[in-house]
Number of protein chains: 2
Amino acid sequence: MRARLADVAKLAKVHPATASRALNERTRGLVSQETLERVTAAAQELNYLPDTAARSLASAKSSTIGVVVGDLAVPLFAPMIRGIDDVAWAAGYSTLVVDTDNDRKRELTHLRNLHAQRVDGLIVTTSIVGDPEGPERFANVAPTVSLLRVAEGSLGPEVVSNDDQGMRQIINHLVEHGHSRIALVAGPPQVSTSLARLRGYRNALCDRGLEPDQSLIATIDHIDPDRGREAARRLVQDTDCTAIVGFNDLVTFGVLKELRALGVRCPDDISVVGYSDVPTADLVVPPLTTVSVDHYAMGAEAARLLLDIITGVSNGASKAIQLPVRLVERESVGPARPRTPLR
Amino acid sequence: MRARLADVAKLAKVHPATASRALNERTRGLVSQETLERVTAAAQELNYLPDTAARSLASAKSSTIGVVVGDLAVPLFAPMIRGIDDVAWAAGYSTLVVDTDNDRKRELTHLRNLHAQRVDGLIVTTSIVGDPEGPERFANVAPTVSLLRVAEGSLGPEVVSNDDQGMRQIINHLVEHGHSRIALVAGPPQVSTSLARLRGYRNALCDRGLEPDQSLIATIDHIDPDRGREAARRLVQDTDCTAIVGFNDLVTFGVLKELRALGVRCPDDISVVGYSDVPTADLVVPPLTTVSVDHYAMGAEAARLLLDIITGVSNGASKAIQLPVRLVERESVGPARPRTPLR
DNA sequence: CTGTTAGCGCCTTCAA
DNA sequence: TTGAAGGCGCTAACAG
């Protein structure tokens, strides 16, 4: 059978309580150097691993944080989770990630489980804009940090990328290549990043003295390459745009595909820019110019923020962190070439 | 404060033990219909959620299975994890997935944690061929099912895809298009799928009366698009191959990219086939013909197998499940056109 | 079918 | 600095 604390204590010839103190980071200071060594040695020898269940029960904390993700298949989550993991682990916390498949019912079930696990905190990437009970549902389980997507309006702690900056970089880059008819494939409005990027797009255009033209904005209701294709078709057929900015890389892949299907060359006829810099962005044709977001850093930052809140270092009230982004120039942007709508 | 079992019991006017029985799937039969209803109602009313830690401690089982993954960013893991999740949940088990970043030290740390969590079982996707202590390291923690990759030689339960069938389909497809000089970018030999696909390739060629030619096999030491590029260059320059089969889609994306860089058209000059059918496989140029593996099903199957072992339904001894695969024809394969090495 | 009685393995007061 | 005692919330025998 596995070694228990009592076994370690016996081997070290101390009381279990003392062994406990020696083995716990936080209480280690209460123990003499010598016993500490004896206990540590004994634990090592017996290959002792504290039982997390017992520990949670006794200490009334799980040392676990829950991570709620909408779709693990979205490539940006992998680095993000690693970022979370790394700082959580360093602080002695485990991480429990659940994939809701973007399904409300699944989310609820998972949330119940996280609740039952008594997670000490929550990192949520599935916030919906304007969802009134959303934030509460999470906060009801444990202190929550919103990551990537936010509810907009709730004032909880959050970590997002600086989409205003990102859009500005894109627009500047495009304008420098002579573009002035710049179209946007805007994401679904219930996703906060859609709004943030749309705002950034408008602001950046204005800053450059360009009038935002509503007809150049194609809004999609689903983050999917096919919606990107449809949007691109409309844009190419109905407008004289010389550049298309996609909501994110995935959608932009669809844009690229449709352009090809339409016989429109990129970047010769139309320039294209994505957003996120997913790993395959430089594998498509042409390699996609896009905005690189440091998802690992975002995850790490969110974990740090959450741990500060959990441990009481910060109350986290309405602390909002915005991480910088960076334009990655590849081959999908070229000089503007004036064109007329296809039909 | 949160409701405890005692609160529910009091409200339902029964003993806590009875409430416990009523609330547990397995012991529910031991309780009268009427008390069951009372207890359920009380639990509902108090919004009772059993404390998993206490439950684990008392029952000496965590109802949790650990999933060890090498790199969450690899797209096939998302559906796989969902498959695992779905059947695990249905059986009342939670799932704890850890990303080892393909790093041995990280794997060890995570394994320690899973051990401390007292996971009831393990699904491992990071098995290394010929690693003698590998299987033991895992088995030491909990009953283990190998998924996707196996250690080859250990006789534990495992779930893999039928790579022999997959390769056969690819080779047949290619032969039907007139190819006979078919090259293979073989994966790293410590990965079991590399070996399985290599075997499948050889077998399929033989079946078609084609002599396997060692010079047509380029082995890479890392699963990475860039290695795919290098391999493709060698193959194109040094051999007269008219088709290239990649170890998996990611590597094959690199092959495609290199062909383009070399001015070799696909599929006009050289046909290309991938493996796995990742979501972006039809977004590249040309859309990639590849073998579709049902990763969701693989995950589900693995979870089922593991649960059978945990619950004693099966001893699982050397049970090996092979899931069928299916060729997805897109646009990267065309008729063979004889060619000479580029140099 | 239900109540009683003991812990599960650990942490955390309290005293010494 | 260490030992003693109690309990975290639940399940699992065993009676009844």
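Residue numbers start from 1 in every chain, and the chains themselves are labelled A, B, ... in the order their sequence lines are given, proteins ahead of strands.
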What is the distance, rounded to the nearest whole Å, between atom CG of B:L49 and atom P of D:dC10? 10 Å
Let me know the distance between CD of A:Q117 and P of D:dC8, rounded to the nearest Å. 21 Å
Nearest-nucleotide pick for A:R26, side chain only, options being C:dG9, D:dT11, C:dT12: C:dT12
Any side-chain N or O of B:T35 below 4.0 angstrom from OP1/OP2 of C:dT2? yes
N/O (side chain, A:S32) to phosphate O (OP1/OP2, D:dT2) under 4.0 Å: yes
Side chain of A:A54 only, heavy atoms from C-beta on: which candidate in C:dC10, D:dG9, C:dT12 is closest? C:dC10
5' precedence on DNA chain C between B:H15 and A:A17 (nearest-nucleotide basis): B:H15
Is there a salt bridge (Lys or Arg N to Asp or Glu O under 4.0 Å) between B:E158 and B:K319 once you walk through the steps? CA-CA 6 Å; B:E158 56 187 50; B:K319 191 162 183 178; over 6 Å; no
Can you find a side chain N or O atom of A:S59 that sits less than 4.0 Å from OP1 or OP2 on C:dT12? no
In whole angstrom, what separates A:L5's CG from C:dC11's P? 6 Å
May I ask you to decide whether A:D7 forms a salt bridge with A:R4, counting only side-chain N to carboxylate O separations under 4.0 Å? yes
Do A:Y93 and A:I310 come within less than 4.5 Å of each other through their side chains, counting heavy atoms only? yes
What nucleic acid atoms does A:P16 come within less than 4.0 Å of, heavy atoms only: base, sugar-phosphate, or nothing? nothing
The side chain of B:V14 is closest to which nucleotide in this list: C:dG3, C:dC11, C:dC8? C:dG3
Between C1' on C:dT2 and CZ on B:R28, what's the gap in Å once rounded to a whole number? 17 Å
Write down the distance between CZ (A:R21) and C1' (D:dA5), rounded to a whole number of angstrom. 12 Å
Taking C:dG9, D:dA12, D:dT11 as options, the one with an atom nearest any side-chain atom of B:N24 is D:dT11
Give a yes or no on whether a salt bridge exists between B:R82 and A:D71, defined as a side-chain N under 4.0 angstrom from a carboxylate O. yes
Check this one for me: any side-chain N or O of A:R38 less than 4.0 Å away from OP1 or OP2 of D:dT1? no
Return no unless some side-chain N or O of B:S20 is found under 4.0 Å from OP1 or OP2 of D:dT11. yes
Nearest-Å distance, CG (A:D51) to P (D:dG9)? 17 Å
Calculate the interatomic distance between B:L57 atom CG and C:dG9 atom C1'; express it in whole Å. 5 Å
Where is the tightest heavy-atom contact between A:T125 and A:R149, given as atom of each residue plus distance? O-CD, 3.6 Å
Between C:dT2 (P) and B:K10 (NZ): distance, integer Å: 20 Å
